[in-house]
Amino acid sequence: MDREIAPTLPRNGDASSSNKYRGGWWRDIMLAYRTLGVVFGGLVTSPLYVYPSMNLNSPTEEDYLGIFSIMFWTLTLIGVVKYVCIALNADDQGEGGTFALYSLLCRQTNIGFLPTKRMSSSGDPSLINQSTLAEKESKLATFLEKSITARRILLFIAMLGMCMLIGDGILTPAISVLSAMDGLQVPFPSVGKSAVEALSAVILLALFLLQKKGTSRVSFLFSPIMASWTFTTPMIGIYSFLRYYPSIFKTVSPHYIVGFFLRNGKRGWQLLGGTVLCITGAEAMFADLGHFNKRSIQMAFLFTIYPSLVLTYAGQTAYLIKNPNDHSDGFYKFVPNPVYWPMFVIATLAAIVASQSLISATFSVIKQSVVLDYFPRVKVVHTSQHKEGEVYSPEINYILMCLCVGVVLGFGDGEDIGNAFGVVVILVMFITTILLTLVMIIIWRTPIILAGLYFVSFSILEGAYVSAVMTKFIKGGWLPFAVSIILAFIMFGWYYGRQKKVEYEMSNKITLECLAELLSRSEIQRVPGLCFFYSNIQDGLTPILGHYIQNVRSLHKVTIFTTLQYLLVAKVAPNERIIVKRLGIHGVYSCIVQYGYADSFTLEGDDFVAQITSSLRAYIERNLDEQLHISDEEEISDLEEAKSAGVVHVRGKTRFHIGKEAGWSDKILLRFYEFLHSNCRSALPTLGVPLQQRMEIGMLYKA
């Protein structure tokens with residue numbers, strides 16, 4: 001959704017303003033209710049697996065009080081202070097997440113590797129009243145712009161954040177569903193671990209196989225399910241701590257944390273790897289910002305999620321203080337018998353909804369990566385005509401399914417999955433801290449003392465968690481690293497190959513003078529028809545054009561050199577989508593089709609052609625061709641005649657010729673790119689271009 005601006009208070013007697021004010025708040029309340037089913041699924045279901053993921057050994061009352069104090073302050077500092085109060089203000093035109101932070105930095109400074117649209121406050125409400133408007137750039141921005149190494153490191157950090165989110169999409173369904181199914185073992189001790197794992201795998205298989213149907217038909221159930229969970233678990237928590245340990249909230253005092261570490265030393269530090277799971281899913285508050293708005297997410301977290309989690313953990317801890325050895329079933333054991341089965345059903349449904357939220361988020365991240373040309377092209381299907389962000393990728397879905405089911409069957413133990421999960425959770429948050437600090441310094445122009453205080457404080461907090469989860473590397477923490485390294489290598493290899501192609505095309509481009517000279521030759525014919533010739537460069541024409549004309553000896557009477565340009569912005573305004581112009585040669589035009597990373601690319605072939613020809617017709621009517629002395633009626637007639645004669649879409653199918661003189665890094669990366677390129681989808685099918693209208697021209701580029 002578009003970013004919301006907080007309404008101003010109505011003046012006395014202004015009924016229309018008053019109604020608008022009430023309507024704005026009512027809309028935010030409804031949006032806050034909907035966030036329960038989309039944004040907070042992973043966070044609010046964390047009580048299912050936090051205590052079971054801890055490797056506690058004969059814990060005492062003081063240990064449990066210290067653990068609860070750690071979780072309370074983690075939820076408060078990271079959840080409330082970092083995300084609700086700070087990160088949600090760092091949106092990129094309403095979009096959130098690590099890559100949105102990177103995009104925001106690229107739009108305001110020249111540090112990106114993709115085209116950006118640098119905007120002033122007049123074009124972006126998020127920058128109003130910020131000192132970004134100052135003309136003098138910060139020293140940090142200047143350093144990043146001049147250092148190619150620093151820019152590549154920054155890009156890698158953003159990529160790593162995206163890869164970790166995909167790893168989250170593997171681990172959240174596994175740990176959520178497995179932890180919910182563990183509830184069968186409490187009333188039925190004879191049910192073995194293998195049976196729980198098998199049942200969890202069946203549920204996950206069904207969930208992934210149903211992805212192609214989309215979630216539109218059942219998404220209306222998500223919020224009621226999560227609302228039921230969000231409001232019932234704290235009720236049980238209140239009952240539990242009033243019964244077992246009414247003074248539980250004395251742990252709000254941080255001295256319980258100090259005492260915990262003084263008593264347990266290294267052991268207490270290692271237990272941070274389990275307590276970090278209490279904040280799992282908090283990143284979704286920021287990542288899913290584009291689907292809602294800042295105020296609705298803040299309202300939902302502060303008034304429902306945060307108190308629900310605090311009360312639930314308080315009840316769990318109070319129960320465990322009196323039953324210290326029940327931590328391996330820390331959730332289900334504290335549920336009273338009369339409501340056990342209703343809570344089991346709600347927990348299972350809530351785990352499925354939480355899994356769906358992360359799966360959908362993974363699809364969105366992959367779509368953004370493909371759109372920005374940082375990931376090989378995969379099929380992306382829009383499963384809803386009304387919800388732009390609801391997408392599905394068959395290839396990614398089946399890879400996720402295999403990995404997720406493999407995690408359940410391979411790890412089995414929730415503690416091992418929790419070890420892996422903790423690595424993903426805290427590393428994504430640490431990456432957000434780094435990028436958010438850069439936004440503070442470069443864009444917000446926050447005083448260096450305040451920015452440094454933020455960075456140091458959260459680096460110490462999250463750094464302690466990072467160091468603790470690294471001790472679990474062998475016990476499951478290696479999994480997200482393996483997934484992230486593979487994904488990062490794929491993304492970097494693809495990006496490197498695409499950059500090398502652009503470099504070759506820029507150094508061997510065809511100028512308009514050269515094209516005019518080619519077309520003036522007697523052996524070159526202008527044949528009837530409309531040709532869309534796709535190119536990756538704008539300043540000049542692709543070298544494939546010269547290769548094409550010299551071998552085919554012809555060019556269509558109307559040829560539109562088309563570039564699909566993805567900008568590092570969330571969305572491009574419809575009136576800025578298609579940019580056309582003449583190139584000074586009769587019947588030859590250029591067209592740039594601009595898209596943001598959150599835009600929907602759903603045009604079918606005929607619609608695509610119709611939109612471009614319509615824009616070209618409007619351009620011709622507004623701009624008389626004084627250079628070629630052709631009337632606009634004649635030019636439009638030639639366009640319609642060419643369109644009637646037939647449409648063809650021409651694109652280059654280039655490969656690298658990797659010679660012996662190429663360096664070893666080029667040999668490895670470019671061969672890997674060629675492997676990816678030969679196994680990914682063509683760009684033309686994404687436009688819905690009919691097979692009979694496609695033409696691919698092969699050419700070798702020298703590496």
Side-chain angles (χ1 to χ4, degrees), residues 37 41-42 44-54 167-213 215 218 221-222 224-226 228-229 232-233 236 277 280-281 316 326-337 339-360 362 397-421 475-476 479:
V44 81
T45 56
S46 58
L48 282 170
Y49 45 78
V50 170
Y51 273 116
S53 297
M54 295 185 194
D168 202 354
I170 297 169
L171 296 173
T172 293
I175 195 170
S176 298
V177 174
L178 186 62
S179 298
M181 289 298 101
D182 277 339
L184 291 173
Q185 292 184 300
V186 176
F188 303 113
S190 59
V191 175
K193 199 71 179 173
S194 58
V196 172
E197 293 170 15
L199 184 57
S200 301
V202 169
I203 291 174
L204 290 171
L205 282 171
L207 181 62
F208 280 105
L209 292 175
L210 289 173
Q211 291 301 309
K212 62 183 178 182
K213 302 293 184 182
T215 58
V218 294
L221 294 174
F222 290 176
I225 289 170
M226 297 313 298
S228 300
W229 170 267
T232 53
T233 51
I236 297 174
L277 297 183
T280 179
Q316 279 186 282
D326 284 350
H327 56 83
S328 60
D329 293 306
F331 178 78
Y332 283 109
K333 285 290 181 69
F334 105 110
V335 176
N337 288 330
V339 295
Y340 186 89
W341 285 112
M343 283 306 301
F344 174 78
V345 173
I346 294 174
T348 303
L349 294 175
I352 292 172
V353 172
S355 303
Q356 179 61 56
S357 299
L358 266 296
I359 294 169
S360 297
T362 302
N397 183 61
Y398 292 125
I399 292 173
L400 282 178
M401 181 179 72
C402 294
L403 290 174
C404 193
V405 173
V407 166
V408 170
L409 298 179
F411 284 86
D413 194 307
E415 183 180 331
D416 289 339
I417 301 178
N419 293 335
F421 203 16
K475 299 179 180 179
L479 179 65

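The shown structure was predicted, so the numbers you read here are calculated from the model rather than taken from an experiment.
- Of all heavy-atom pairs spanning Thr45 and Gly41, the tightest one is OG1-O, 2.7 Å.
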- Can you check side-chain contact (heavy atoms from CB on, under 4.5 Å) on Leu209 and Met401, steps first, answer last? CA-CA 8 Å; Leu209 292 175; Met401 181 179 72; 4.1 Å; yes
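- Residues Leu277 and Ser46 form no side-chain contact, since every pair of their non-hydrogen atoms from C-beta on lies 4.5 Å or further apart.
- Ser328 is linked by a side chain to side chain contact (heavy atoms under 4.5 Å, CB included) to nothing, counting only residues two or more places apart in sequence or in another chain.
- Among Val345, Ile346, Val353, the single residue meeting the side chain to side chain contact (heavy atoms under 4.5 Å, CB included) criterion with Leu349 is Val345.
- Residue Thr362 holds its OG1 atom at 10.0 Å from CG of Asn397, rounded to the nearest 0.5 Å.
- The shortest heavy-atom contact between Gln185 and Lys193 is NE2-N, 3.7 Å.
- Heavy atoms only, all atoms of each residue included: Ser176 and Ala354 are closest at OG-CB, 4.5 Å.
- Taking each heavy atom of Ile170 and Cys404 in turn, the nearest pair found is O-SG, 3.4 Å.
- Between Leu479 atom CG and Leu403 atom CG the span is 7.5 Å, to the nearest 0.5 Å.
- Expressed to the nearest 0.5 Å, how far CG of Leu358 lies from CG of Leu400 amounts to 10.0 Å.
- Side-chain atoms of Tyr398 never come within 3.5 Å of backbone atoms of Phe208 as a donor-acceptor pair (strictly under, hydrogens ignored).
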- Message: Apply side-chain contact (heavy atoms from CB on, under 4.5 Å) to residues Thr280 and Ile175 and explain how you reach the verdict.
- Response: CA-CA 12 Å; Thr280 179; Ile175 195 170; over 6 Å; no
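- None of Asp182, Ile236, Val50, Leu48 except one satisfies the side chain to side chain contact (heavy atoms under 4.5 Å, CB included) rule with Phe331; the exception is Leu48.
- Taking OG1 of Thr348 as the reference point, atom CD1 of Ile225 lies at 10.5 Å (rounded to 0.5 Å).
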- Task: Determine, stepwise, if the pair Lys333 / Gln316 fulfils side-chain contact (heavy atoms from CB on, under 4.5 Å).
- Result: CA-CA 9 Å; Lys333 285 290 181 69; Gln316 279 186 282; over 6 Å; no
- Message: Run Val408 and Val177 through side-chain contact (heavy atoms from CB on, under 4.5 Å) and show every step you take.
- Response: CA-CA 9 Å; Val408 170; Val177 174; over 6 Å; no
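- Here the OG-CG distance, from Ser200 to Leu205, works out to 11.0 Å after rounding to the nearest 0.5 Å.
- For the residue pair Ala351 and Ser355, the shortest heavy atom distance occurs at O-OG, 2.8 Å.
- Ring-plane geometry between Phe344 and Tyr340 is classed as parallel, the angle between the planes falling under 30 degrees on a 0 to 90 degree scale with a further cut at 60.
- Listed here is the closest heavy atom pair of Tyr332 and Ala180: OH-O, 2.8 Å.
- In this structure the side chain of Val339 never reaches within 4.5 angstrom of the side chain of Thr232, judged on heavy atoms.
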